[in-house]
Amino acid sequence: MVAQRVRTRFAPSPTGYLHVGGLRTALYNYLFAKKMKGDFIIRIEDTDQSRKVEDAQQNLIKTLEWAGIIADESPEHGGSFGSYVQSERLHIYREYCDRLLEDKHAYYCFSTSEELEENRQLQLKQGFQPKYNRKWLPEEMGGAMPSSEIRKKMEAGSPYVVRMKVPDYISVWFEDMIRGPVEFDSSTIDDQVLMKSDGFPTYHFASVIDDHLMEFTHIIRGEEWLPSMPKHLLLYEFFGWEPPRFAHLPLLLNPDRSKLSKRQGDVAVEDYIRKGYSCDAIVNFVAMLGWNEGEGTEQEVYALQELIDKFSLERVGKAGAVFNVEKLNWLEKQYIKHRPSADIINTIRPVLAAELAKRETLLSVDVITGDHYLEQVIELMRERVGFEHEFVTFSSYFFFEPESYEEEAVKKRWIPETNDLLREFTAELEVLEPFTAETIESALKAFVAPKGLKAAVLIHPLRILASGVSFGPSLYHMLEVLGREAVLRRITKGIDLISVAE
RNA sequence: GGCCCCAUCGACUAGUGGUUAGGUCAUCACCCUUUCAAGGUGGUAGCACGGGUUCGAAUCCCGUUGGGGUCACCA
């Protein structure tokens, strides 16, 4: 057999936002395809019109692209295997359904949902596993329903579904690329509905047909699909198609080890984007949830291209992984530490603009929105923030006057002489030339030494007056960036306020 | 409940018969230090249990327990 070009897919249903588990599934499909020099495709599974959400499709694709996962073929970009939206392929499913009907691998079923439910309850009460009772299985297929009855219903225009006829007592086997051999007994499988009464196919039917027609070589999906493998395999067999290779990924888990879900934290990728996580960190983090390079590697930080180069399905683990935000936070910090300031400026400028629209600043807007100023703030703060937007929000004193002073810190750092010392030192700052971290530092030390005081008696009050808070970057550098005018203004104002307070 | 999957520190994991069971996050202590971070050093902490196989099991087999998934005209 000639080696085929690898084709993988991510097939979400447009019912809302992109789930982080979905992101990982998409990512692994993408990484595997790219690693194998193949194609990654997005297909939209919208066979349930009732759950369809407006704009979900575009959002899904947009979010994947945000993460750097670009499809080679998709509803948005086209491709030669379209349409990539299942609701636009109804005629195809109809055609293949007819084939199954003709070959006696499927049959019409006119049972109503009430009837089905009644049957289920009855079986439950009798202690049986609930299963479709095959009431409408035709006589010629081994059932009890005469074809005349079926014809009568048809002619009356009664609503129906099409079910697949699962053979009794055969074993279905396949080799999962992650889990190895898995075996099922067909007697535990229900006669799955293939076509719903609204004329739409079910997931199971549509995905098998599309996976074959779109020539996917590998199906990489979540473990929750493992139990429906026999249905899918049987369909391949009915059609005489060779199934692709399958890999079922372990689930992403809540801290309590149940399937990752809302209610126990955020599950939408959009939630994390909104909080300020970068695509670098999210992708890196999610990639490591279930995959690792192995072989004694101690690397934790991987760029997307690096993941592509190193990815392999063999190194995907079998056990579920807890989505641990702590480590994600750490990763985010790693990226912030090393990201070029120009990139950071691009993302924080809008944040700053939004703040500026809300609040007055006494600083020069031209200066504080300029590259030079922002770059200085970034270099002072990059090891102290958890998210990029915190360059603005966490250290707002670089852009706005402090509105209050940390009470505890004032109490701790103020002695009776503090304000007098501050006044005296201010006079020196006024004439200091140039006004740099270096000169401020030596001025302060020279000021304090003859008095037999420690630098700390001024350092802490200065920080509090200049920033409003007791923590932050190097004081001297902070004052330099703020500039003489702002520093003097803040000290003067602060002395007044704090004197009054005492 | 039936079926299926899974099982190394609190979390993510390395480990494929012989290791003082390694790394990262978190946590604790110390160092650095004007604060907060960052960084450095060190520490606490793990092979679910029971049987086999073997000279030797975290590693192989069986069972138990535990966890999870799935049993729709949803995907």
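Note that this is a predicted model, so its numbers are computed, not measured. Chain A is the first sequence line, chain B the second, and so forth, proteins listed ahead of strands; every chain is numbered from 1.
With hydrogens and angles left out, the side chain of A/Glu298 and the base of B/G22 share no donor-acceptor pair within 3.5 Å. Looking at A/Ser197, its side chain comes within 3.5 Å of the base of B/C73 through a donor and an acceptor atom.
In this structure, B/C71 forms a base pair with B/G1, meeting either the Watson-Crick or the G-U wobble geometry with both donor-acceptor distances under 3.5 Å. Across all strands shown, B/G10 forms a Watson-Crick or G-U wobble pair, both distances under 3.5 Å, with B/C25.
With distances taken from any side-chain atom of A/Gln334 to the nucleotides B/G39, B/A75, B/A14, the minimum falls on B/G39. Nearest nucleotide to the side chain of A/Glu300, out of B/C12, B/C73, B/G23: B/G23. In the set B/A37, B/A26, B/G23, the nucleotide with an atom closest to the side chain of A/Lys333 is B/A37. Taking only side-chain atoms of A/Ala321, from C-beta outward, the nucleotide of B/G68, B/G23, B/U13 with the closest atom is B/U13. The side chain of A/Arg384 lies closest to B/C36, out of B/C25, B/C5, B/C36. Counting only heavy atoms from C-beta on, A/Lys259 has its side chain closest to B/G68 among B/C6, B/G68, B/G23. Ranking B/U35, B/C4, B/G23 by closeness to the A/Val182 side chain, first place goes to B/C4. Closest approach to the A/Arg179 side chain among B/C73, B/A75, B/C5 is made by B/C5 (side chain taken as heavy atoms from C-beta onward). Nearest nucleotide to the side chain of A/Gln129, out of B/G1, B/C73, B/G23: B/G1. Checking B/A75, B/C73, B/A11 against every side-chain atom of A/Ser13, the shortest atom distance belongs to B/A75.
The residue A/Ser395 sits apart from the nucleic acid: no heavy atom pair falls under 4.0 Å. Among the protein residues, A/Arg120 comes within range of the sugar-phosphate backbone only, with heavy atoms under 4.0 Å from sugar or phosphate atoms but none that close to a base.
Remark: the A/Asn329 side chain and the A/Tyr277 side chain contain an N/O donor-acceptor pair separated by less than 3.5 Å. Checking A/Glu300 against A/Gln334 by side-chain atom types alone, no donor-acceptor pair falls below 3.5 Å.
Residues A/Phe311 and A/Tyr28 are in side-chain contact: their nearest non-hydrogen atoms beyond the backbone lie under 4.5 Å apart.
Seen from the ring of A/Tyr335, A/Lys337 does not count as a face-on cation partner, given the 6.0 Å and 45° thresholds.
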